[in-house]
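Only this structure's heavy atoms are used, side chains among them; waters, hydrogens and symmetry mates stay out.
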Amino acid sequence: MIRTLLNGFMEIERDEFIECKRGESVCGEKEYRNGYYKRTLRTCFGLIRGLKVPRTRSGRFYPSLLEKGKHIASHTAEGIARMYLRGVSTHKVADVLEGLLGFRVSSSFVSTITKKLDQDVKAFFKRRIGDTIKILILDGIYLRSKNVLGSRKRPVLVAYGIHDNGRRELLHFRLAKNESEQSWTNMLNELYNKGLVGDNLELICSDGCPGLIAAIETVYPYTNHQLCWAHKMRNVTKYCKKEYLHQCKKHAQNIYYAKNKKAAVAAFKSFKRTWETRCPKAVKCIEKDLERLLAFFDLPSPIWKKVRTTNVIERIFGEVRRRTKIIGAFPNDQSAARMIYALFAYFNSKWVRKTTFINLYYKNKPLFVA
């Protein structure tokens, strides 16, 4: 039935191309039917054999539902790419297709299909972001990629933003050599050149990476900077003796759970009095960055939980690690960029469709006051 439908569609398309039905005289520029040739097509319905592809004598006609030189339908190719981007290895894609559709494809064919994403990646890097971002969250993840000397870990620098209408978006990423000041400065300059000049930027949240802190002070020096409490608490627990770990950690949490900045300062003073002699390094770890740790209190309380950590990016990193665990090491930077871009596109489309509390709050209330 599918073969008959496709054959009929291609026949009608040829009639329209030569502007003449079978049995009629040829009109206008001379063009003639020239029989058929047979081919197979791999589709989501399985392997369609015996398709009769119509030809014309000049060779200028080709059916729109087929691609020259390709024996697999575009929607099937898209499904293969999606399987790969969901973490299915190139070898396992062949097994899945054989079980579902009755035909196999080679792992090299899967790789060829996924390379089509390169144009989408280039468009993503060239697009404009604009200056509507109110909150910017920055973090990095290490992925393993191969080079001539073997495989090594490389950081992927990531920027996440919340627009003035509440829309969330993964804005940009950069495969860097390291997390140095220069690498982060290059990353932030790319955001700046895309239109995020920072006139409306209210808060930047990041971990305590010295290179990143220095880069923020260079590119966005007049924006409040919030250090991530999740990263800070991991550092604090390193300096606590095992017998004090639970109590010290719980006492430190009272600082960011406070009802306002004044209460948070009071909570820190209480924490310092209690633990300064028993865990002095833990106290000093918070004290030296206290101002940056309390920056989120300058924003409305309903969004404090969202902006005092970089957890939103950490959750995405968890998905990246899950999907790349099967791959092991990326064969090159291009393959890593394709995978990261695909995840960015997935989450961004998901956030556009989903209405959350923070979106409604942004939409219904003036969240930031000049």
Query raised in the report: Quick one: does Leu203's side chain get under 4.5 Å of Thr223's, heavy atoms only?
Result: no

Query - Exercise: identify the closest heavy-atom pair between Tyr220 and Leu196 - result: OH-O, 2.6 Å

**Report entry** ILVMFWY cluster, Val307 and Leu191 together (side-chain gap under 4.5 Å)
**Finding:** no

**Report entry** Test: Arg292 and Glu287 ion pair at under 4.0 Å
**Finding:** no

**Report entry** Linked, directly or transitively: Leu201 and Phe296 (ILVMFWY side chains, under 4.5 Å)
**Finding:** no

Query raised in the report: Would you call Glu190 and Arg127 a salt bridge, using N to O less than 4.0 angstrom?
Result: no

Query raised in the report: Between the main-chain N or O of Ala176 and the side-chain N or O of Arg154, is there a donor-acceptor pair closer than 3.5 Å?
Result: yes

Query raised in the report: From Thr132 OG1 over to Glu169 CD, what is the distance, rounded to the nearest 0.5 angstrom?
Result: 8.0 Å

Report summary line: Closest heavy-atom pair, Ala264 versus Leu294, reported as atoms and distance to 0.1 Å, is CB-CD2, 3.9 Å

Query - Rounded distance (nearest 0.5 Å) linking atom NZ of Lys177 with atom CG of Asn186 - result: 10.5 Å

Query - Ile216 CD1 to Ser206 OG distance, which is reported to the nearest 0.5 Å - result: 4.0 Å

Query raised in the report: Between Gln226 and Leu293, is there a donor-acceptor pair closer than 3.5 Å when you use the side chain of the first and the backbone of the second?
Result: yes

Query raised in the report: Would you say the side chain of Val53 lies within less than 4.5 Å of the side chain of Lys38, judging by non-hydrogen atoms?
Result: no

Query raised in the report: Could you walk me through whether Asp15 and Arg33 pass the salt bridge (Lys or Arg N to Asp or Glu O under 4.0 Å) check?
Result: CA-CA 9 Å; Asp15 289 343; Arg33 295 177 178 84; 2.7 Å; yes

Requested in this report: Answer yes if Ile129 and Ile162 sit in the same cluster of Ile, Leu, Val, Met, Phe, Trp and Tyr residues linked by side chain heavy atoms under 4.5 Å apart, and no otherwise.
Outcome: no

Report task. For side chain to side chain contact (heavy atoms under 4.5 Å, CB included), just list the numbers for Ile141 and Asp139, CA-CA rounded to whole Å, side-chain angles, deciding distance to a tenth of an Å, and then say yes or no. Result -> CA-CA 7 Å; Ile141 180 177; Asp139 207 346; over 6 Å; no

Query - Gap between atom CG of Asp164 and atom CG of Asn200 - 0.5 Å precision - result: 6.5 Å

Report summary line: Of all heavy-atom pairs linking Asn311 and Ala230, the shortest is OD1-CB, 3.6 Å

Query raised in the report: Take atom OH in Tyr192; do more than 12 heavy atoms of anything else shown fall under 6.0 Å from it?
Result: no

Query raised in the report: Side chains of Ile286 and Phe268: closer than 4.5 Å at any heavy-atom pair?
Result: yes

Query raised in the report: CG/Asp289 to NZ/Lys284 distance, rounded to the nearest 0.5 angstrom?
Result: 13.0 Å

Report task. Say whether Ile313 and Leu143 are linked into one hydrophobic cluster, either directly or through other cluster members, by side-chain heavy-atom distances under 4.5 angstrom. Result -> yes

Query raised in the report: Out of curiosity, does Ile133 fall in the hydrophobic cluster containing Ile204 (side-chain heavy atoms, cut-off under 4.5 Å, transitive links)?
Result: yes

Query raised in the report: Between Asp120 and Arg338, is there a side-chain N and carboxylate O pair less than 4.0 Å apart?
Result: no

Report summary line: Heavy-atom nearest pair, Cys209 first then Trp184, reads SG-NE1, 4.2 Å

Query raised in the report: So, Lys232 and Asp207, do they make that salt bridge, N to O below 4.0 Å?
Result: no

**Report entry** Asn34-Thr56 side chain donor-acceptor pair, cut-off 3.5 Å
**Finding:** no

Report task. Mind telling me whether His172 and Phe125 have parallel, tilted or perpendicular rings, with 30° and 60° as the class edges? Result -> perpendicular

Query raised in the report: Is Ser183 reaching over with its side chain to a backbone N or O of Glu179, donor-acceptor style, under 3.5 angstrom?
Result: no

Requested in this report: Please test Thr274 against Arg278 for side chain to side chain contact (heavy atoms under 4.5 Å, CB included), starting from the C-alpha separation and ending with a verdict.
Outcome: CA-CA 8 Å; Thr274 305; Arg278 288 179 285 183; 3.3 Å; yes

Report task. Examine distances only and state if a side-chain atom of Asn260 and a backbone atom of Ala263 form a donor-acceptor pair shorter than 3.5 Å. Result -> yes

**Report entry** His163 and Ile135, any side-chain heavy atoms less than 4.5 Å apart
**Finding:** no

Query - Between CG on residue Leu171 and CZ on residue Phe124, distance to nearest 0.5 Å - result: 7.5 Å

**Report entry** Closest heavy-atom pair and its distance - His231, Cys228
**Finding:** ND1-SG, 3.1 Å

Query raised in the report: What's the shortest heavy-atom distance between Lys272 and Val283, and which atoms?
Result: CG-CG1, 3.6 Å

Report task. Please determine if Lys153 forms a cation-pi arrangement with Tyr142, meaning its NZ or CZ atom is less than 6.0 Å from the six-membered ring centre and no more than 45° off the ring axis. Result -> no

Tell me which donor-acceptor pairs under 3.5 Å the side chains of residues 238-255 have, and how far apart each pair is, sequence neighbours excluded?
from   : atom 1 : to     : atom 2 : distance (Å)
His251 : ND1    : Trp275 : NE1    : 3.1
His251 : NE2    : Ser270 : OG     : 3.3

Query raised in the report: Is any side-chain heavy atom of Leu299 closer than 4.5 Å to a side-chain heavy atom of Asn224?
Result: no

Query - Lys194 atom NZ, neighbour heavy-atom count above 12 within 6.0 Å - result: yes

**Report entry** Arg14 and Tyr36: CA distance, side-chain angles, deciding distance, side chain to side chain contact (heavy atoms under 4.5 Å, CB included) verdict
**Finding:** CA-CA 11 Å; Arg14 182 173 65 173; Tyr36 308 87; 3.2 Å; yes

Report summary line: Between Val158 and the options Leu170, Ile137, Leu138, Ile340, the side chain to side chain contact (heavy atoms under 4.5 Å, CB included) test singles out Leu170

